[in-house]
Amino acid sequence: QVQLVESGGGLVQPGGSLTLSCSASGITISPRAMEWYRQAPGKQRELVAQVTSGFTTDYSDSVKGRFTISRDNGRRRVYLQMNSLQPEDTAVYYCHIAASTFWGQGTQVTVSS
């Protein structure tokens, strides 16, 4: 069956960096757009970044210039490099296959001093 497993979350100080990884199994990701979402406490889940099958990327305004999404189709992995992290980036981050019902379990990112 299809599985998405995120890793790389943790506690980081403001201004710090983290790289999230999403590992896919049971599916070939190369023809699919891949996405990272996040959900902060009491807020709706929001789309953070997307990378298409053609490697075109798009970002929410809140993370543009700070986050970078990338993919490695051979390893069936998607990454989210997060720089200049701020407390408002605190959330559970989820990997998602675009236009599908497949989600990872999420990884917690906490930005705090």
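Just the heavy atoms: all of them, side chains too, but no hydrogens, waters or symmetry mates, feed the values below.
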- With rounding to the nearest 0.5 Å, note down the distance linking CZ in R32 to CG in N73. 11.5 Å
- Query: Within 45° of the ring axis of Y79 and under 6.0 Å from its six-membered ring centre, is that where the NZ or CZ of R71 lies?
  - Reply: no
- Identify the heavy atoms of L85 and L18 that sit nearest to each other, and give their distance. CD1-N, 3.8 Å
- Could you go through the side-chain contact (heavy atoms from CB on, under 4.5 Å) check for L4 and I97 one step at a time? CA-CA 9 Å; L4 299 173; I97 299 174; 3.9 Å; yes
- Check D72 against I29 and note the closest heavy-atom contact, atom names and distance. O-CD1, 4.4 Å
- Please name the residue in the list L80, I69, V48 that meets the side-chain contact (heavy atoms from CB on, under 4.5 Å) test with L20. L80
- Do the side chains of M34 and C95 get nearer than 4.5 Å, heavy atoms only? yes
- Note on the structure: Heavy atoms of G104 and Y94 approach each other most closely as O-CD2, 3.6 Å
- Test side-chain contact (heavy atoms from CB on, under 4.5 Å) on S62 and R38 and set out the steps. CA-CA 12 Å; S62 60; R38 69 184 180 187; 3.3 Å; yes
- Measure across S84 and S17 and return the closest heavy-atom pair with its distance rounded to 0.1 Å. N-OG, 4.3 Å
- Message: Looking at K43, I'd like to know if its NZ atom is crowded, meaning that more than 12 non-hydrogen atoms belonging to other residues, nucleotides or ligands lie closer than 6.0 Å.
- Response: no
- Do the side chain of E35 and the main chain of L47 share a donor and acceptor less than 3.5 angstrom apart? no
- Message: side chain to side chain donor-acceptor pair (under 3.5 Å) for S113 and Q13? Distances and angles first, verdict last.
- Response: CA-CA 5 Å; S113 54; Q13 292 188 340; over 6 Å; no
- Task: For residues Q50 and T57, determine if any side-chain heavy atom of one lies less than 4.5 Å from a side-chain heavy atom of the other.
- Result: no
- Query: Is a side-chain donor or acceptor of Q81 paired with a backbone partner of T19 at a separation under 3.5 angstrom?
  - Reply: no
- Message: Looking at every heavy atom in both R76 and G26, which two are closest together, and how far apart are they?
- Response: NH1-N, 3.9 Å
- Query: Can you find a side-chain donor-acceptor pair between T28 and S30 that sits under 3.5 Å?
  - Reply: no
- Task: Identify whether V5 and Y93 are in the same connected component of the hydrophobic contact network (ILVMFWY, side-chain heavy atoms under 4.5 Å).
- Result: no
- Does L11 belong to the same Ile/Leu/Val/Met/Phe/Trp/Tyr cluster as V92, with side-chain heavy atoms less than 4.5 Å apart forming each link? no
- Item | W36 versus C22, closest heavy-atom pair with distance | CZ2-CB, 3.6 Å
- Query: Passes side-chain contact (heavy atoms from CB on, under 4.5 Å), V109 versus M82? Steps please.
  - Reply: CA-CA 10 Å; V109 172; M82 306 185 294; 3.8 Å; yes
- Query: Would Y37 and W103 count as a ring-ring contact (aromatic ring centres under 6.0 Å, His included) if you check the C-alpha gap in whole Å, the side-chain angles of each, and the deciding distance to 0.1 Å?
  - Reply: CA-CA 10 Å; Y37 279 75; W103 294 86; 4.9 Å; yes
- Message: Let's go through T90 and Q108 carefully: what are the C-alpha distance in whole Å and the side-chain angles of both, what is the deciding distance for side-chain contact (heavy atoms from CB on, under 4.5 Å) to 0.1 Å, and is it a yes or a no?
- Response: CA-CA 8 Å; T90 295; Q108 175 71 47; 4.0 Å; yes
- Query: Around E88, counting heavy atoms of other residues, nucleotides and ligands shown, do more than 12 lie under 6.0 Å from its CD?
  - Reply: yes
